[in-house]
Amino acid sequence: MGIQIAPSILSSDFANLEAEIARLGDAELVHVDVMDNHFVPNLTLGLPVVEAILARTDRPVDCHLMIDEPDRWAPGYAEAGAHNVTFHAEAAAAPVRLARELRRLGARAGVGLRPATPVEPWADLLPEIDMLLVMTVEPGFGGQAFLDVCLPKIRRARELVSRSGLDVWIQVDGGVSAETIERCADAGADVFVAGSAVYGAEDAAAAVTELRALAAKAAH
Ligand code: DX5
Ligand code: ZN
């Protein structure tokens, strides 16, 4: 699939989501952070707002569920029409069953890993999923500093995916900017979430183009 940029609306103006998503230029995806104030110490939005977004944009919606009990809640996002639905490894009770359910409902299934969660247990389960999300901050808030300590895990994730021969995307999320995106691409990431780096820029569409160019230069 190649390099994809997924701006996170967490850093946008929540009172103007339609316009905020429309000004993302040629970003491949729009990343929507769902937080429940249990899995992470922050509360954002849920299914009704995602449904409203889906009704107002043709851009594929990438839902990042930072919630407890994803086995119960994640299928609703797939049913609503989200392109990707990512649940967290730490929160899922039956991840294989859940991933199969998401796919059955027509979404791509993603698994998120907090900085301290290893990727190795997922090696044999890669055929069940479409994306691994390697968090490069502790999930919960935008605008945090990128954690370089997560780079070796991105590398190991890429090795596992390459060895499997499967087309599993590797997404990075947290502190991704013009300063850090090359390191992520060099380590093997191919889907890049960026919140403050896109919405904090004067021209969001230009920031997307710049990030993609930097990633392309550093990718192998
Ligand atoms: C944080 C969210 C991110 C957040 C990234 O837990 O998962 O998607 O929006 O924001 P930046 O790019 O500002 O670190
Ligand atoms: Zn996110």
Side-chain angles (χ1 to χ4, degrees), residues 3-14 20 23-25 27-45 62-67 84 86-91 110-120 122 131-158 169-220:
I3 286 165
Q4 300 183 76
I5 305 295
S8 164
I9 58 164
L10 187 60
S11 298
S12 76
D13 176 1
F14 269 23
E20 289 289 72
R23 71 186 183 97
L24 293 174
E28 284 82 0
L29 303 163
V30 57
H31 182 86
V32 178
D33 290 301
V34 175
M35 305 187 193
D36 67 352
N37 202 30
H38 292 275
F39 182 72
V40 288
N42 196 6
L43 184 66
T44 54
L45 51 84
D62 171 34
C63 287
H64 177 193
L65 305 182
M66 286 162 276
I67 61 172
N84 300 325
T86 299
F87 59 86
H88 264 267
E90 306 84 3
V111 172
L113 308 172
R114 298 182 81 129
T117 305
V119 68
E120 283 72 16
W122 293 88
M131 186 168 83
L132 272 171
L133 161 54
V134 178
M135 290 299 302
T136 41
V137 298
E138 286 294 349
F141 301 92
Q144 302 181 74
F146 181 82
L147 295 174
D148 273 286
V149 289
C150 298
L151 286 168
K153 183 160 63 180
I154 300 171
R155 235 171 255 289
R156 292 197 301 276
R158 174 51 65 197
W169 300 349
I170 299 179
Q171 183 176 62
V172 281
D173 182 8
V176 175
S177 69
E179 279 69 54
T180 58
I181 196 166
E182 289 162 289
R183 275 174 265 167
C184 298
D186 177 64
D190 53 6
V191 186
F192 303 86
V193 177
S196 42
V198 169
Y199 282 108
E202 196 120 326
D203 181 341
V208 167
T209 306
E210 187 200 355
L211 288 170
R212 189 185 295 104
L214 288 168
K217 203 152 48 89
H220 300 282

Mark yes or no for whether [X], through its side chain, and [Y], through its backbone, hold a donor-acceptor pair below 3.5 Å.
X	Y	answer
D36	F39	yes
K217	R212	no
Q144	E138	yes

Of the non-hydrogen atoms in [X] and [Y], which two are nearest, and what is the gap between them?
X	Y	result
T180	G175	OG1-O, 2.8 Å
G140	N42	O-ND2, 2.8 Å
V40	P139	CG1-O, 3.4 Å
W122	A89	CZ2-CB, 3.5 Å
M135	H88	CG-CE1, 3.9 Å

Is there a side-chain contact between [X] and [Y] in this structure, where contact means two heavy atoms from C-beta onward sitting under 4.5 Å apart?
X	Y	answer
F146	V137	no
I154	R183	no
L132	V119	yes
F87	M66	no
W169	N84	yes
T86	M131	yes
R155	D186	yes
M35	L43	no

From [X] atom [atom1] to [Y] atom [atom2], the distance as rounded to the nearest 0.5 Å:
X	Y	atom1	atom2	value
R114	L133	CZ	CG	11.5 Å
C63	L65	SG	CG	6.0 Å
Q171	Q4	CD	CD	9.0 Å
I170	C184	CD1	SG	11.5 Å

Does a side chain donor of either T44 or D33 reach within less than 3.5 Å of an acceptor in the other side chain?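 The answer is no; no qualifying pair exists.
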
Could you check whether H64 and D62, counting side-chain N and O atoms only, form a donor-acceptor pair closer than 3.5 Å?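 No donor-acceptor contact under 3.5 Å links the two side chains.
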
Side-chain atoms of residues 191-203: list all donor-acceptor pairs with protein atoms under 3.5 Å, sequence neighbours left out, distances to 0.1 Å.
unit_1: Y199; atom_1: OH; unit_2: E20; atom_2: O; d: 2.8
unit_1: D203; atom_1: OD1; unit_2: A205; atom_2: N; d: 3.1
unit_1: D203; atom_1: OD1; unit_2: A206; atom_2: N; d: 3.1

Can you sort out the partners of A218 under side-chain contact (heavy atoms from CB on, under 4.5 Å), two or more places apart, ordered by chain and number?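 Partners of A218 by the side-chain contact (heavy atoms from CB on, under 4.5 Å) criterion, ordered by chain and then number, come out as E182, A185.
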
Holding to side-chain contact (heavy atoms from CB on, under 4.5 Å), I want the full list of residues that pass it with L147, two or more places apart in sequence or in another chain.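 By the side-chain contact (heavy atoms from CB on, under 4.5 Å) rule, L147 matches P115, V149, C150.
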
Please name the residue in the list I181, L24, V176, L29 that meets the side chain to side chain contact (heavy atoms under 4.5 Å, CB included) test with I5.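 Checked I181, L24, V176, L29 against I5; only one passes side chain to side chain contact (heavy atoms under 4.5 Å, CB included): I181.
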
